2 protein chains.
Amino acid sequence: MIPFSIDLKPGSPFCDQLAYAVKKAIVSGQLQTGDRLPSVRVLAQELKINPNTVQKAISRLTAEGLLEIQPGIGCSIANRPRKAEAKACAVLLHQEMERLVVEARRLNLSKEEVEKALTEHWNRISGQN
Amino acid sequence: MIPFSIDLKPGSPFCDQLAYAVKKAIVSGQLQTGDRLPSVRVLAQELKINPNTVQKAISRLTAEGLLEIQPGIGCSIANRPRKAEAKACAVLLHQEMERLVVEARRLNLSKEEVEKALTEHWNRISGQN
DNA sequence: TATGGTGTATTATATGTCATAGTACACTAA
DNA sequence: TTAGTGTACTATGACATATAATACACCATA
């Protein structure tokens with residue numbers, strides 16, 4: 001069994017969906033520091049996709065510092081990122097936030113409605129910690 | 001001159017960037033209901049991209065109900081969407097919100113920091129209304 | 001030591017998206 | 001009629017994506 005939930009759907013690249021599913025599982029506490037991830041070949045078999053596609057997602061998460069590789073052993077969940085890295089990445093968050101605000105205002109939503117949605121998702125994602 | 005601000009950069013599709021720039025200009029009040037948009041050919045020339053690429057962005061915004069087309073005349077900014085359409089689109093907003101929350105928690109940001117960022121962007125985008 | 005399981009790299013192929021180029025058509029204002 | 005609208009269509013090249021099939025270095029275990 002795969003230690004996180006994922007349901008691959010066409011529309012966006014499989015490697016993106018896989019990387020996001022793992023990241024979400026880590027952030028929500030479903031996967032914890034030190035936990036082992038199934039091997040590239042096992043994941044590929046379970047998800048019925050190509051091993052290369054899995055490897056692409058893994059290498060991306062490794063580059064982000066979310067996964068740690070032990071050559072010949074496998075890969076496991078790394079520690080939470082240091083503040084230094086986080087600061088550099090926060091720029092991306094602001095881009096996402098602007099996109100979200102633009103979309104919300106296009107839908108004539110109030111700021112309160114958006115804040116409520118933020119709280120809902122925040123609690124849901126953080127609930128398992 | 002183009003009645004909205006845009007700076008095309010490689011990395012994401014031009015038609016996406018153009019559609020977003022127009023949407024942002026509408027939402028922020030830079031473009032108002034009834035305002036005329038430059039023609040497909042003019043936009044293509046100014047932005048130094050292909051008319052087909054511009055047309056792709058326009059047709060997407062038209063499908064979203066943000067632009068109105070008068071055949072033979074040109075296209076202009078439409079009225080704000082009705083609640084009915086908005087409700088159907090709100091699902092997408094929740095997907096974006098979840099992605100944002102996941103990213104924020106991956107960066108070890110606090111909920112207060114994210115709420116602060118939301119307020120900042122909200123005021124900036126809404127400032128011109 | 002030999003075997004099998006790790007991650008990783010490489011090459012090749014097929015498919016789809018994106019941007020471009022060129023052409024053509026229906027429509028409308030002047 | 002003429003020129004300017006949006007729109008549709010085909011074709012091409014560049015690029016990303018997913019797949020397939022190997023091959024290699026590494027490590028644990030029998």
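Here the structure is a predicted model, which means the values were calculated and not measured. In what follows, every chain begins at residue 1, and chains take the letters A, B, ... in the order their sequences are listed.
The side chain of Phe14(A) approaches dA18(D) more closely than any other nucleotide in the set dG7(C), dA18(D), dA19(C). Closest contact between the side chain of Asn52(A) and the listed nucleotides dT8(C), dT10(C), dT5(D) involves dT10(C).
Contact annotation: Gln55(A) does not reach the phosphate of dG7(C) (side-chain N/O to OP1 or OP2, under 4.0 Å). At least one side-chain nitrogen or oxygen of Asn50(B) sits closer than 4.0 Å to the OP1 or OP2 atom of dA21(C). Here Ser39(B) reaches the OP1 or OP2 of dT5(D): one of its side-chain N or O atoms lies under 4.0 Å away. Phosphate proximity of dT20(C) to Thr53(B): present, with a side-chain N or O under 4.0 Å from OP1 or OP2. Within the structure, a side-chain polar atom (N or O) of Lys56(A) is placed less than 4.0 Å from OP1 or OP2 of dT17(D).
The CD atom of Gln45(B) sits 15 Å away from the C1' atom of dT5(D) (whole-angstrom rounding). Remark: C1' of dT5(D) and CD of Glu68(B) are 16 Å apart, rounded to the nearest angstrom. Between the C1' atom of dC18(C) and the CD atom of Gln17(B) lies a distance of 12 Å, rounded to the nearest Å. Atoms CD1 (Ile58(A)) and P (dT8(C)) sit 8 Å apart, rounded to a whole Å. As rounded to whole Å, 15 Å separates atom C1' of dG4(D) from atom CG of Leu37(B). Summarising the geometry, the separation between CZ on Arg36(B) and P on dA29(C) is reported as 11 Å, rounded to the nearest angstrom.
With Tyr20(B) as reference, Glu98(A) is the one residue of Glu103(A), Glu98(A), Arg99(A) to meet the side chain to side chain donor-acceptor pair (under 3.5 Å) rule.
In this structure, Glu96(A) and Glu96(B) have side chains that are not in contact, with every pair of non-hydrogen atoms separated by 4.5 Å or more. Between Met97(A) and Val114(B), the closest side-chain pair of non-hydrogen atoms falls below 4.5 Å.
Between Pro71(B) and Ile73(A), the residue anchored closer to the 5' end of DNA chain C is Ile73(A), taking for each the nucleotide with the nearest heavy atom. Toward the 5' end of DNA chain D, the nearer of the two residues Cys15(A) and Val40(B), judged by each one's closest nucleotide, is Val40(B).
Side-chain atoms of Thr62(A) and Glu68(A) form no donor-acceptor pair, as typed in the model, at a separation below 3.5 Å.
Contact of Arg41(B) with dG4(D) (side chain to base): no donor-acceptor pair of N or O atoms is detected under 3.5 Å.
Taking both residues in full, the closest heavy atoms of Arg105(B) and Trp122(A) are given as NH1-CZ2, 3.6 Å, listed atom of the first, atom of the second, then distance.
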